[in-house]
2 protein chains.
Amino acid sequence: MLPCACANLRRAARAVTQLYDRELRGTGLGVTQFTLLQALARIGELSQGRLGNGMSIDSTTLTRTLATLRKAGWIAVRTGGDRRVRLISMTAAGRRQLERSYPAWERAQERLRRILGDPRWEALGDLTHRVVRSAREA
Amino acid sequence: MLPCACANLRRAARAVTQLYDRELRGTGLGVTQFTLLQALARIGELSQGRLGNGMSIDSTTLTRTLATLRKAGWIAVRTGGDRRVRLISMTAAGRRQLERSYPAWERAQERLRRILGDPRWEALGDLTHRVVRSAREA
DNA sequence: CCATAATGTATGTATATACAACTTATTGTC
DNA sequence: GACAATAAGTTGTATATACATACATTATGG
């Protein structure tokens with residue numbers, strides 16, 4: 001086990017991403033795209049900046065990540081009252097795509113949960129949440 | 001909090017990576033490179049495949065990540081008895097660079113550890129390790 | 001032995017990630 | 001109201017990430 005918390009987190013994220021992407025393969029979405037659509041489905045329209053803040057993704061990263069989703073027709077981008085702001089929302093096609101990928105995502109969740117065990121699965125959700133908050137304060 | 005374990009892990013990894021990279025800025029290494037050098041310092045020479053396996057990094061990803069380190073002169077690559085294999089080791093320059101970046105890395109570790117608290121810090125090390133193993137089995 | 005399968009890495013391609021510098025738009029100050 | 005300061009996104013650049021495919025080498029079955 002490496003002594004670096006960041007290295008360990010990144011390694012876990014890679015391993016789990018590989019699991020989820022394997023399950024999602026063929027559904028049309030990668031786990032990053034799935035996550036963004038799932039967030040938009042729950043939250044509704046919001047600005048690029050707030051979306052990035054909520055996901056701890058740099059807003060400049062989202063410019064290009066969202067461009068992919070927009071080209072695929074899964075999200076719509078409009079300009080609000082403040083014309084610097086880009087308001088992002090999911091389209092009907094985006095919702096259909098999300099639903100198409102949903103079973104594969106659930107399978108990935110279930111597979112990891114079963115092997116990890118319920119207590120650790122819960123602990124993982126709690127701990128990742130706390131880690132995000134801590135990293136922001138630090 | 002998102003319902004997706006993968007999304008939560010990736011978000012935590014991004015947030016923590018941003019913290020560590022902020023601290024490492026100006027030392028010449030990003031956290032990925034620091035991690036690879038630190039691993040090589042501990043383990044010594046090993047093949048690209050084994051390195052990738054230990055870090056849960058696809059071996060084909062390492063081809064280009066390691067190329068950067070080699071160009072910088074921090075690692076050496078040689079061919080062993082099996083001529084398909086690339087054996088990776090750290091150079092003296094690599095060790096000096098690692099030592100130069102070490103204090104910044106320790107600061108990042110300490111900042112996160114202090115805010116997260118020791119019990120959760122320990123739990124994070126344990127849990128990320130278990131998650132990697134679970135994701136591989138799953 | 002030799003044909004074939006398996007293995008280790010490289011390359012082509014696509015997405016993800018973030019920082020520095022820039023552009024455009026808003027806000028604050030006088 | 002003009003001008004400086006601030007804020008939201010975009011673009012240029014560099015690294016990180018992995019899959020499909022290709023290539024070279026080694027192992028294996030007959």
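The model shown is predicted, which means the values in this text are computed figures rather than measured ones.
Backbone-only engagement by A:Ser47 is indicated by non-hydrogen atom pairs under 4.0 Å involving sugar-phosphate atoms exclusively. Nucleic acid contact class of B:Arg50 (heavy atoms, under 4.0 Å, all strands): none. Within the 4.0 angstrom heavy-atom criterion, only backbone atoms of the sugar-phosphate kind lie near A:Ser56; the bases stay farther away. Using a 4.0 Å heavy-atom criterion, one finds that A:Ile57 contacts the sugar-phosphate atoms exclusively.
Rounded to an integer number of Å, the gap from CG of A:Leu37 to P of C:dA16 is 11 Å. Straight-line distance from the CG atom of B:Leu66 to the P atom of C:dT11: 13 Å, rounded to whole Å. In this structure, CD of B:Gln48 is placed 14 Å from C1' of D:dA18, rounded to the nearest angstrom. Taking atom CG of residue B:Leu62 and atom C1' of nucleotide D:dT15, one finds them 13 Å apart after rounding to whole Å. Rounded to whole Å, the distance from CG on A:Asn53 to P on C:dT17 is 15 Å. Spacing between atom CZ of A:Arg11 and atom P of D:dA16 amounts to 18 Å, rounded to whole angstrom units. Distance CD (A:Gln33) to P (C:dT15): 7 Å, rounded to an integer number of Å. In this structure, CG of A:Leu29 is placed 10 Å from P of C:dA16, rounded to the nearest angstrom.
Less than 4.0 Å separates DNA chain C from at least one heavy atom of each of the following residues of residues 72-82 of chain A: A:Gly81, A:Asp82. Sorted by residue number, the members of residues 85-101 of chain B with any non-hydrogen atom under 4.0 Å from DNA chain C read B:Val85, B:Arg86.
B:Leu87 belongs to a hydrophobic cluster with B:Val85, counting contacts under 4.5 Å between side-chain heavy atoms of Ile, Leu, Val, Met, Phe, Trp and Tyr, direct or through other members.
For the residue pair B:Ser56 / B:Arg136, a side-chain donor-acceptor distance below 3.5 Å is found, with atom types taken as modelled.
Residue pairs meeting the side chain to side chain donor-acceptor pair (under 3.5 Å) criterion with at least one partner in residues 117-128 of chain A, sequence neighbours excluded, are A:Arg113-A:Asp118, A:Arg113-A:Glu122, A:Asp126-A:Arg130. Listed by first and then second residue, the salt bridge (Lys or Arg N to Asp or Glu O under 4.0 Å) pairs involving residues 58-71 of chain A amount to none (not counting sequence neighbours). Pairs passing the side chain to side chain donor-acceptor pair (under 3.5 Å) check and including a residue from residues 29-42 of chain A, sequence neighbours excluded, read A:Thr32-B:Arg10. Among residue pairs with one or both ends in residues 91-103 of chain B, none qualify as salt bridge (Lys or Arg N to Asp or Glu O under 4.0 Å); sequence neighbours excluded. Residue pairs that meet the ring pair (Phe, Tyr, Trp, His ring centres under 6.0 Å) test with at least one member in residues 22-56 of chain B, sequence neighbours left out, are B:Phe34-B:Trp105.
Nearest approach of A:Thr27 to A:Ala104, heavy atoms of both residues: CG2-CB, 3.8 Å.
Mapping A:Gly49 and A:Ala15 onto DNA chain D by nearest heavy atom places A:Gly49 at the nucleotide closer to the 5' end.
The same ILVMFWY cluster, assembled from side-chain heavy atoms under 4.5 Å apart, contains both A:Leu62 and A:Leu46.
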Give each protein N/O atom lying under 3.5 Å from an N/O atom of nucleotides 19-21 of chain D, with the pair distance.
from   : atom 1 : to      : atom 2 : distance (Å)
D:dC19 : OP2    : B:Asp58 : OD2    : 3.3
D:dC19 : N4     : B:Thr60 : OG1    : 3.1

Pairs under 3.5 angstrom, nitrogen or oxygen only, protein versus nucleotides 1-7 of chain C, please.
from  : atom 1 : to      : atom 2 : distance (Å)
C:dT7 : O2     : B:Arg84 : NH1    : 2.6

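Considering only residues two or more places apart in sequence or on other chains, A:Ile115 meets the side-chain contact (heavy atoms from CB on, under 4.5 Å) condition with B:Ser134, B:Glu137, B:Ala138. For A:Arg111, the salt bridge (Lys or Arg N to Asp or Glu O under 4.0 Å) partners are A:Glu23, not counting sequence neighbours.
Taking side-chain N and O atoms only, A:Thr63 has a distance below 4.0 Å to OP1 or OP2 of D:dT10.
Listed for the A:Asn53 side chain is no donor-acceptor partner under 3.5 Å among the backbone atoms of A:Gly49. A donor-acceptor contact shorter than 3.5 Å links the side chain of A:Ser101 to the backbone of A:Gln97.
Shown here is A:Arg107, whose CZ atom has more than 12 heavy atoms of other residues, nucleotides or ligands within 6.0 Å.
Picking from C:dT9, D:dT15, D:dG9 the nucleotide with the shortest atom distance to the side chain of A:Ser59 gives D:dG9. For B:Arg83, counting side-chain heavy atoms from C-beta on, the closest listed nucleotide (D:dT26, C:dT9, D:dG9) is D:dT26.
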Step by step, would you call B:Leu37 with B:Ile75 a side-chain contact (heavy atoms from CB on, under 4.5 Å)? CA-CA 8 Å; B:Leu37 289 184; B:Ile75 65 170; 3.8 Å; yes
